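Following: one structure in structure tokens, then a few remarks.
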Amino acid sequence: MSTNFKLKHLLGIRELSADQITHLLDTAETFLDISKREIKKVPALRGRTVINLFFEASTRTRTSFEIAAKRLSADAVNISVSTSSVSKGETLLDTARNLEAMAPDCIVIRHSAAGAPGHLARVCNAAIVNAGDGAHEHPTQALLDALTIREHKGHLDGLKVALIGDILHSRVARSNVYLLSKLGATVSVAGPGTLVPPEFAGLIEQGVRVERKLEDAIVDADVVMILRVQRERQTEAFFPSMREYAVHYGLHLSHLSLAAPNAIVMHPGPMNRGIEVSSEIADGGRSLILDQVTNGVAVRMAVLYLLAGAGKQNGTKRTPAGKNGAQEKKERSGKLFA
Ligand code: NCD
């Protein structure tokens, strides 16, 4: 199914083609069903090792990668900064080289420095997956967002997506802008002037509409994506107070009357309730926040499968362990691991 998927690492959405993105999403779709079964495991990555190397706090993303690896029968090892030798002064490169010496098939890395995963990709043989690097990219978040939109709207092309909030510090915003524009959606962003860099408008060829007011960005939007106010990345005061931010950029139910009928609301989490999003929105019928989390596992299964499993770019095509004639037939029919 994946012989033409030429990708050794997943470092960002920017370098992917629309076809590669669609292939990742289609593959993720075939994995959705596994998490609904009583026995949530297939042998696709049996005998493969995935290391989750997290230098930043994470609940969703780290757990999601770990569950994804385990549902594919890979051996998953988690390393967080407090337990790694980095806290003893080891460099990132030395940590990576030492991990490489244990022959992992894939290293999933989250780091506060933009470019850290790219740096590892230049020296490691293992497939490197970016799980968020500084304010640069967070490709699997954009993919799970796209899968969620596709699930509810059927397609991405022609949709209008509003991105609201702290764009400056958001790797989620960057990855989403690349992905959405490559798949034909239009994007408008809104946030305080200090948090929406002017160069953001020229970030992609097609351009992004930059609005000052939340209300202007969400007019006719099919999708409203809210971003967290990233207080831990803000080294200076970007707006007077959280209260003021909430007044101007907090999303309330009344705002949705401006959006398209049946507009959906998304947030990558973790959310600051009462700041960028009201509880009536977060817990309401338009919110897909928990669907995003569910879809995150399928997306990460697809990424691990394509990079470390049968779809692996380099080397000979591997087949999922235990595959027999019947399974091959199912794969050909598009029902992977049915
Ligand atoms: C995002 C991240 O870490 O970039 N969260 C996530 O991965 N679900 C967004 C955020 O922290 O606000």
Side-chain angles (χ1 to χ4, degrees), residues 10-14 28 52-69 78 80-81 108-118 129-149 161-180 189-192 195-197 200 223-235 238-239 242 245-246 249-251 265-277 281-282 287-301 303-304:
L10 180 64
L11 302 177
I13 299 292
R14 188 180 189 171
N52 289 322
L53 183 57
F54 275 61
F55 292 92
E56 269 189 3
S58 170
T59 314
R60 263 157 298 270
T61 309
R62 202 193 59 99
T63 312
S64 184
F65 270 108
E66 183 179 352
I67 288 179
N78 295 313
S80 60
V81 72
V108 178
I109 175 173
R110 167 169 286 196
H111 201 283
S112 58
V129 177
N130 180 2
D133 61 333
H136 177 226
E137 282 230 37
H138 191 352
T140 56
Q141 180 68 44
L143 287 164
L144 74 88
D145 290 341
L147 187 65
T148 308
I149 297 173
V161 181
L163 270 169
I164 311 295
D166 181 357
I167 309 287
L168 178 67
H169 299 98
S170 179
R171 50 200 178 204
V172 176
R174 258 173 204 78
S175 290
N176 260 304
V177 164
Y178 291 131
L179 188 150
L180 292 165
V189 300
L195 290 177
V196 183
F200 208 81
V223 181
V224 183
M225 277 189 192
I226 315 160
L227 301 169
R228 185 173 63 89
V229 178
Q230 312 224 345
R231 276 180 281 191
E232 78 282 10
R233 293 214 174 89
Q234 294 175 6
T235 49
F238 284 90
F239 45 85
M242 288 305 254
Y245 183 91
Y249 295 102
L251 192 76
V265 178
M266 300 166 74
H267 189 306
M271 58 184 162
N272 298 304
R273 276 177 191 266
I275 305 290
E276 70 262 6
V277 61
I281 291 265
S287 164
L288 298 181
I289 296 173
L290 295 178
D291 299 51
Q292 290 171 266
V293 180
T294 302
N295 288 340
V297 174
V299 157
R300 282 149 189 150
M301 287 170 85
V303 169
L304 295 176

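Counting starts at 1 for both ligands and their atoms, following the listed order. What you are looking at is a predicted structure, and each value in this text was computed from that prediction instead of being measured.
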- Task: Report yes if some heavy atom in the side chain of V108 is under 4.5 Å from a heavy atom in the side chain of T61; otherwise report no.
- Result: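 No, too far: nothing below the 4.5 Å cut-off.
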Atoms of ligand 1 close to [X] [distance to a heavy atom under 4.0 angstrom, numbered from 1]:
X	answer
T61	6 (C), 7 (O), 8 (N)
P268	8 (N)
R60	8 (N)
V172	1 (C), 4 (O), 9 (C)

- Message: For G132, state whether at least one heavy atom is located under 4.0 Å from any atom of ligand 1.
- Response: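 It does not; every heavy atom stays at 4.0 Å or beyond.
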- Query: Does R110 have a heavy atom less than 4.0 Å from any atom of ligand 1?
  - Reply: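 For ligand 1, residue contact (heavy atoms, under 4.0 Å) with R110 is present.
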- Say whether P270, considering both its backbone and side-chain N or O atoms, lies within less than 3.5 Å of an N or O atom on ligand 1.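 There is no such contact.
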- Message: Using a plain distance cutoff, I'd like to know if G269 has any nitrogen or oxygen under 3.5 Å from a nitrogen or oxygen of ligand 1.
- Response: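 By distance alone, the answer is yes.
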- What do the steps show when you test Q292 against I289 for side-chain contact (heavy atoms from CB on, under 4.5 Å), and what is the final call? CA-CA 5 Å; Q292 290 171 266; I289 296 173; 4.0 Å; yes
- Option passing side-chain contact (heavy atoms from CB on, under 4.5 Å) with M225 (candidates V265, I149, V189):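 With M225 as partner, V265, I149, V189 yield a single side-chain contact (heavy atoms from CB on, under 4.5 Å), made by I149.
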- Backbone of M271 reached by a side-chain donor or acceptor of R228 within 3.5 Å: no
- Task: For Y245, enumerate each residue passing the ring-ring contact (aromatic ring centres under 6.0 Å, His included) test, keeping only those at least two apart in sequence or located in another chain.
- Result: F239, Y249
- Query: Looking at residues at least two apart in the chain, or sitting in another chain, which of them share a side-chain contact (heavy atoms from CB on, under 4.5 Å) with T294?
  - Reply: none
- Message: Run the side chain to side chain donor-acceptor pair (under 3.5 Å) test on E137 and S175 for me, step by step, so that the C-alpha distance in whole Å, both residues' side-chain angles and the decisive distance to 0.1 Å come before the verdict.
- Response: CA-CA 5 Å; E137 282 230 37; S175 290; 2.6 Å; yes
- Task: Name the option, out of Q141, E276, H138, R171, that contains the heavy atom nearest to atom 3 (O) of ligand 1.
- Result: R171
